[in-house]
There are 2 protein chains.
Amino acid sequence: MREPSHPETAAIELTRVLYALSDPVRLDVVRQLDREGEASCTALDRGRPKSSMSHHFRVLRDAGVVRTRCEGTAHMNKLRREELDRRFPGLLDAVLARDQRHNQGQK
Amino acid sequence: MREPSHPETAAIELTRVLYALSDPVRLDVVRQLDREGEASCTALDRGRPKSSMSHHFRVLRDAGVVRTRCEGTAHMNKLRREELDRRFPGLLDAVLARDQRHNQGQK
DNA sequence: TCGTTAGTTCGAGTAGAGTCGAACAAGCGA
DNA sequence: TCGCTTGTTCGACTCTACTCGAACTAACGA
């Protein structure tokens, strides 16, 4: 299991990012990464099967939303914050900020 | 063909909006609406079949991204800008701003 | 080297999208 | 009322996603 491939910043596509973020499970993962910084796949699965999570991480990786780094047997994931901010200024802020308001104010 | 139903502002869901915007055809429609204000379905179809466009407008409507108003036989669509801005501040700006940069800088 | 742990890959099942032609419905003008 | 125009709905097709168990692979420690 060598380091998985990631798109370069310039190759990150808006529609793919939006698509990656449009799934509740993946949005949840992104939220957690935003709060907790870097985390392994298992730490973010909330009890969901490994194979399902592996699928979602792949989508997030391929879209350029997260970067995965191998550390022993664990795969550490983190948001590609700066790169995304540079490429789509304000997008992640809007998605995640809204999220917090949603969690606090509405529920 | 009475006025189609639209979700209330408070009922607009982030994941559905992101999903609606993640399709190139729909994103293109949203771009055009952003530039041109209000427009009929035909004016935005770029030669695509009516049934396909009808599908996309439905997705955009159901997600709360556009509002459709009947005017004679035509259906006029417009972005629900203010409502979206209120519910997800900065989201549409990020999506559309990036869009323009993309169109200008890259193409 | 043998487990153990952490993820990936595969395969199958199910559901949902996008595409498009054809038929339908509604409003308008002649 | 008869067309014409504009969209919607329906049905069929194809493709892709999500889900999850099972098998596999890689790294680490004892």
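Hydrogens, waters and symmetry mates play no part in the numbers below; they use all other heavy atoms, side chains included. Protein chains get the first letters and strands the later ones, always in sequence-line order, with residue 1 at the start of each.
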field: Side chain of A:Ser51 (C-beta onward), nearest among D:dC18, D:dG21, D:dT8
entry: D:dG21

Trace of the side-chain contact (heavy atoms from CB on, under 4.5 Å) decision for B:Arg80 with B:His6: CA-CA 10 Å; B:Arg80 294 177 66 174; B:His6 299 79; 3.7 Å; yes

message: In this structure, would A:Val25 and A:Leu33 fall into the same cluster of hydrophobic residues linked by side-chain contacts under 4.5 Å?
response: yes

query: Any side-chain heavy-atom pair from A:Leu27 and B:Leu14 closer than 4.5 angstrom?
result: yes

Starting at atom [atom1] of [X], determine the distance to atom [atom2] of [N], rounded to an integer number of angstrom.
{"X": "A:His75", "N": "C:dT9", "atom1": "NE2", "atom2": "P", "value": "9 Å"}
{"X": "B:Asp62", "N": "C:dG16", "atom1": "CG", "atom2": "C1'", "value": "14 Å"}
{"X": "B:Asp45", "N": "C:dG18", "atom1": "CG", "atom2": "P", "value": "17 Å"}
{"X": "A:His56", "N": "C:dT8", "atom1": "NE2", "atom2": "P", "value": "13 Å"}
{"X": "B:Arg26", "N": "C:dA17", "atom1": "CZ", "atom2": "P", "value": "9 Å"}
{"X": "A:His55", "N": "C:dA12", "atom1": "NE2", "atom2": "C1'", "value": "15 Å"}
{"X": "A:Met53", "N": "D:dC18", "atom1": "CE", "atom2": "P", "value": "12 Å"}

Let me check something: any side-chain donor-acceptor pairs from residues 57-70 of chain A under 3.5 Å, sequence neighbours excluded? List them with distances.
{"from": "A:Arg58", "atom 1": "NH1", "to": "A:Asp62", "atom 2": "OD2", "distance (Å)": "2.7"}
{"from": "A:Arg61", "atom 1": "NH1", "to": "A:Thr68", "atom 2": "OG1", "distance (Å)": "3.2"}
{"from": "A:Arg67", "atom 1": "NH2", "to": "A:Glu83", "atom 2": "OE1", "distance (Å)": "3.1"}
{"from": "A:Thr68", "atom 1": "OG1", "to": "A:Asn77", "atom 2": "OD1", "distance (Å)": "2.8"}
{"from": "A:Arg69", "atom 1": "NE", "to": "A:Glu38", "atom 2": "OE2", "distance (Å)": "3.0"}
{"from": "A:Arg69", "atom 1": "NH1", "to": "A:Glu71", "atom 2": "OE1", "distance (Å)": "2.7"}
{"from": "A:Arg69", "atom 1": "NH2", "to": "A:Glu38", "atom 2": "OE1", "distance (Å)": "3.0"}
{"from": "A:Arg69", "atom 1": "NH2", "to": "A:Glu38", "atom 2": "OE2", "distance (Å)": "3.0"}
{"from": "A:Arg69", "atom 1": "NH2", "to": "A:Glu71", "atom 2": "OE1", "distance (Å)": "3.0"}

message: Please confirm whether the shortest side-chain N or O distance from A:Ser52 to OP1 or OP2 of D:dC20 is below 4.0 Å.
response: yes

message: Between A:Arg81 and A:Leu96, does the side-chain contact (heavy atoms from CB on, under 4.5 Å) criterion hold? Intermediate values first, please.
response: CA-CA 11 Å; A:Arg81 250 290 186 189; A:Leu96 296 172; 3.6 Å; yes

query: Closer to the 5' end of DNA chain C via nearest nucleotide, is it A:Arg58 or A:Thr73?
result: A:Thr73

field: Range-with-range stems of DNA chain C (Watson-Crick or G-U pairs under 3.5 Å, three or more in a row)
entry: C:1-30 with D:1-30

- prompt: Minimum heavy-atom separation for A:Arg26 to A:Tyr19, with atom names?
  reply: NH2-O, 3.5 Å

